[in-house]
Visitor: 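After the structure tokens below, expect a handful of questions from me.
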Amino acid sequence: MTSEKMRTRFAPSPTGYLHIGGARTALFNWLYTRKHEGTFILRIEDTDQARSTEESTKAILDAMSWLGLCWDEGPYFQADRVKIHQEMVEKLIDEGKAYYCTCQPEELEAKRKQALAQGRKPKYDRTCCERGLAKSADSVVRFRCPDVGATVLRDLIKGNISFNNEELDDLIIERADGYPTYNFAVVVDDALMGITHVIRGDDHVNNTPKQIHLYEALGYEVPLFGHVPMILGADKARLSKRHGATSVMAYKDMGYLPEAIINYLVRLGWSHGDQEIFSMEELIGMFSLEAVGKSAAVFNPDKLLWLNQHYIMSYEEERLIETMLPFWRERGFDTSDHRFIRKITADLRPRAKTLVEMADSGTFYFREDVAYDPAAAAQFLTPEYAGHLEAVRDGLPGLADYTKDGVEAFLRALADQRGTKLKWIAQTLRVAITGKTVSPGIDEVMVTIGKESALRRIERAIAASRQG
RNA sequence: GGUCCCAUCGUCUAGUGGUUAGGACGCUGGCCUCUCACGCCGGAAGCCGGGGUUCAACUCCCCGUGGGACUACCA
């Protein structure tokens, strides 16, 4: 087992977008496989014909790609493999390891309720087990699951887990419509695709003993399992829509960087001493299932935000500019002047937690007729401060060194000259130029927009100030 | 109900019998400062409870309690 090449898989069902929890499972699979130079397979589990959609498949693929979780094989579609599944079902029937069952869902449900009410186990009573039924229109196939002894799952993350086989059920492996059920299809496909390590959410732990029996009944080698803990919402309930965005692509739209998502997700359940920031390369080198914790983790949006801010600040410049373009464009701004965009990005990036925040806070760069924030205007665009603006207007044209340092020196000198502090002139200018009391350093802003634009904005603000 | 899993600051976690229980997010006091953010310095905040085992338990065992998962012709 150790000498042969590792093969892993991520097997989402296309019944919705790729959510945070699935993304982490995929990430752990991916990292583990990269680290051990194995093969990572993507398989779409679409045997539920009623709920699976092509849009979902596409959405999942897009999200995987955006996160950089490339797959080496696939995507395979489980629904394309039903013939194989059916052959395997027949094989089990021929060998007496499975049987046809004609119990109707309604009666099964009634028995289940009754058993529960009487405090008994709601497991199938094997009504059809020895009847030797043949295939019929509404028959399903059940696996004759061992009901004595115990099954031990040697989990790579959780350790050894033992199950009494009497707890197990004669599960349905083929539905009336001829499609295999999850527990059967997953075993057949994992076995036939040569999966050596099954890394998945721990909501599958209780399915695993049944699957182990299926592997054995089919004559397959049982793979290694690693069950990763769930991700919970703030109320400790399984993460869902009501906890906010759970779709990976929703985070893209909200201005998050894939590196931040990856970094956040990997630290949810996995750790490497005190280290918080990891590059993909580091992760591939350091990742191990042994270091994955056993307990569920609560999703913390604030920490994700912090990481996003970190990656915005440390991103390679051109890459950040490129990533920002859609956000500017969707706001209708002209991004053709690359030098201008680059300066704006440099001004804004140290103070944005998301790309959306960056775009929203930088609208003033693109329009000179900024809307004045009422409170800001009330305080600074007044006759009292208009003198500062007029002094800047009068002095600025003669300023030869129109750079950040040059402008700052100019403003400081002006403050001295006028017997005031720089902060009063700077804040007045900030409101005049950006319309707000919060912005990047006013010297940086003035350099970025250029002297002419700055003068026009100041002139406009003076007019507003003199009006009262 | 049954089965299985889990349990260190609010949250993510380090810790593997002897530590002043460490880090991070968030919160918070201060510094820096043209605003904001960054950065720097400091603070509050934790071993679920009870029994054992041991010279010594956050750490090992048992029992509670709490949380989660599964118990489908979903995956």
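All chains are named by letter (A, B, ...) in the order of the sequence lines, taking the proteins before the strands, and each is independently numbered beginning at 1.
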Visitor: Would you kindly say whether A:T47 and A:H85 are connected by a side-chain donor-acceptor distance under 3.5 Å?
Guide: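 The answer is no; no qualifying pair exists.
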Visitor: If you assign A:G293 and A:Q49 each to the RNA chain B nucleotide with the nearest heavy atom, which residue ends up on the more 5' nucleotide?
Guide: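 Whichever sits nearer the 5' end wins; that is A:G293.
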Visitor: Can you tell me if A:R142 touches the phosphate of B:A72, counting only side-chain N or O atoms and a distance under 4.0 Å to OP1 or OP2?
Guide: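 For B:A72, neither OP1 nor OP2 has a side-chain N or O of A:R142 closer than 4.0 Å.
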Visitor: Measure distances between side-chain N and O atoms of A:E276 and base N and O atoms of B:G23, and say whether any donor-acceptor pair falls under 3.5 Å.
Guide: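 Side chain to base: pair found, below 3.5 Å.
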Visitor: To the nearest angstrom, how far is A:H310 atom NE2 from B:A24 atom C1'?
Guide: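 Interatomic distance, NE2 of A:H310 to C1' of B:A24: 13 Å.
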Visitor: Could you tell me whether A:G201 contacts a base, only the sugar-phosphate backbone, or nothing, with contacts defined as non-hydrogen atoms closer than 4.0 Å?
Guide: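 No contact.
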Visitor: Between B:U71 atom C1' and A:D203 atom CG, what is the distance in whole Å?
Guide: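 These atoms are roughly 13 Å apart.
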Visitor: When you measure from the side chain of A:R112, which nucleotide among B:C12, B:C73, B:A75 comes out closest?
Guide: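 Nearest nucleotide to the side chain: B:C73.
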Visitor: Tabulate protein N/O versus nucleotide N/O from nucleotides 20-22 of chain B, keeping only pairs under 3.5 Å, one per line.
Guide:
from	atom 1	to	atom 2	distance (Å)
B:G22	N2	A:D274	OD1	2.8

Visitor: Hey, does the side chain of A:S271 come within less than 4.0 Å of B:A14's phosphate (OP1/OP2), counting only N and O?
Guide: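 Yes, A:S271 has a side-chain N/O under 4.0 Å of OP1/OP2 on B:A14.
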Visitor: With the threshold set at 4.0 Å, does a side-chain nitrogen-carboxylate oxygen contact exist between A:E408 and A:R412?
Guide: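 Yes.
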Visitor: Is it true that a side-chain atom of A:T181 and a backbone atom of A:I172 form a donor plus acceptor pair closer than 3.5 Å?
Guide: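 Such a contact is found between A:T181 side chain and A:I172 backbone.
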Visitor: Expressed as a whole number of angstroms, how long is the span from A:N207:CG to B:U3:C1'?
Guide: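 One finds 12 Å between C1' of B:U3 and CG of A:N207, rounded.
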Visitor: Kindly compute the distance separating OH (A:Y124) from SG (A:C103), expressed to the nearest 0.5 Å.
Guide: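 With rounding to 0.5 Å, OH (A:Y124) is 3.0 Å from SG (A:C103).
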Visitor: Please tell me whether A:Y251 and A:N308 have a donor and an acceptor in their side chains that are separated by less than 3.5 angstrom.
Guide: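 Result is no, nothing qualifies.
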Visitor: Rounded to whole angstroms, how far apart are CG on A:D169 and C1' on B:G1?
Guide: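 Distance check: A:D169 CG to B:G1 C1' gives 16 Å.
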Visitor: Return the minimal non-hydrogen interatomic distance between A:A352 and A:M358, and the atom names on each side.
Guide: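 Of all heavy-atom pairs spanning A:A352 and A:M358, the closest is CB-CB, 3.7 Å.
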Visitor: Hey, are A:D189 and A:Q78 close enough side-chain-wise for a donor-acceptor pair under 3.5 Å?
Guide: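 Yes - a donor-acceptor pair under 3.5 Å links their side chains.
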Visitor: Distance only, no hydrogens: is a donor on one side chain within 3.5 Å (strictly under) of an acceptor on the other, for A:Y220 and A:D190?
Guide: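 Result is no, nothing qualifies.
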Visitor: What does A:C103 touch in the nucleic acid at a heavy-atom separation under 4.0 angstrom: a base, only the sugar-phosphate, or nothing?
Guide: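 Touches a base.
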Visitor: According to the Watson-Crick and G-U wobble definitions, with both distances under 3.5 Å, which nucleotide is paired to B:G1?
Guide: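 Result: B:U71.
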Visitor: Between B:C36 and B:C31, how many Å separate the two P atoms, rounded to a whole number?
Guide: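 Nearest-Å result for B:C36 against B:C31 at atom P: 13 Å.
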Visitor: Expressed as a whole number of angstroms, how long is the span from A:Q104:CD to B:A72:P?
Guide: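 Distance check: A:Q104 CD to B:A72 P gives 17 Å.
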Visitor: Which pairs, protein N/O on one side and nucleotides 4-11 of chain B N/O on the other, fall under 3.5 Å?
Guide:
from	atom 1	to	atom 2	distance (Å)
B:C5	O2'	A:K158	NZ	2.8
B:U11	OP1	A:K236	NZ	3.3

Visitor: Between A:T47 and B:A75, is there a contact of a side-chain N or O with OP1 or OP2 at under 4.0 Å?
Guide: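 Answer yes for this pair, as a side-chain N or O of A:T47 is under 4.0 Å from OP1 or OP2.
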Visitor: How are the rings of A:F28 and A:F287 set relative to one another: parallel (under 30°), tilted (30 to 60°) or perpendicular (over 60°)?
Guide: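 Tilted.
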Visitor: Look at all strands and tell whether A:H272 reaches a base, only sugar-phosphate, or nothing, counting heavy atoms closer than 4.0 Å.
Guide: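 The answer is nothing, as A:H272 stays clear of every strand by at least 4.0 Å.
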Visitor: Could you list all N or O pairs between the protein and nucleotides 32-38 of chain B that sit under 3.5 Å apart?
Guide:
from	atom 1	to	atom 2	distance (Å)
B:C34	OP1	A:R412	NH1	3.3
B:C34	OP1	A:R412	NH2	2.5
B:C34	O2	A:R430	NH2	2.3
B:C34	N3	A:I442	N	3.2
B:C34	N4	A:D443	OD1	2.9
B:C34	N4	A:D443	OD2	2.8
B:U35	O4'	A:Q427	OE1	3.1
B:U35	O2'	A:T437	O	3.0
B:U35	N1	A:R430	NH2	3.2
B:U35	O2	A:T437	O	3.4
B:U35	O2	A:S439	N	2.9
B:U35	O2	A:S439	O	3.1
B:U35	N3	A:R430	NH1	3.3
B:U35	N3	A:S439	O	2.5
B:U35	O4	A:G441	N	3.1
B:C36	O2	A:R351	NE	2.7
B:C36	N3	A:R351	NE	3.4
B:C36	N3	A:R351	NH2	2.8
B:A37	O2'	A:P350	O	3.0

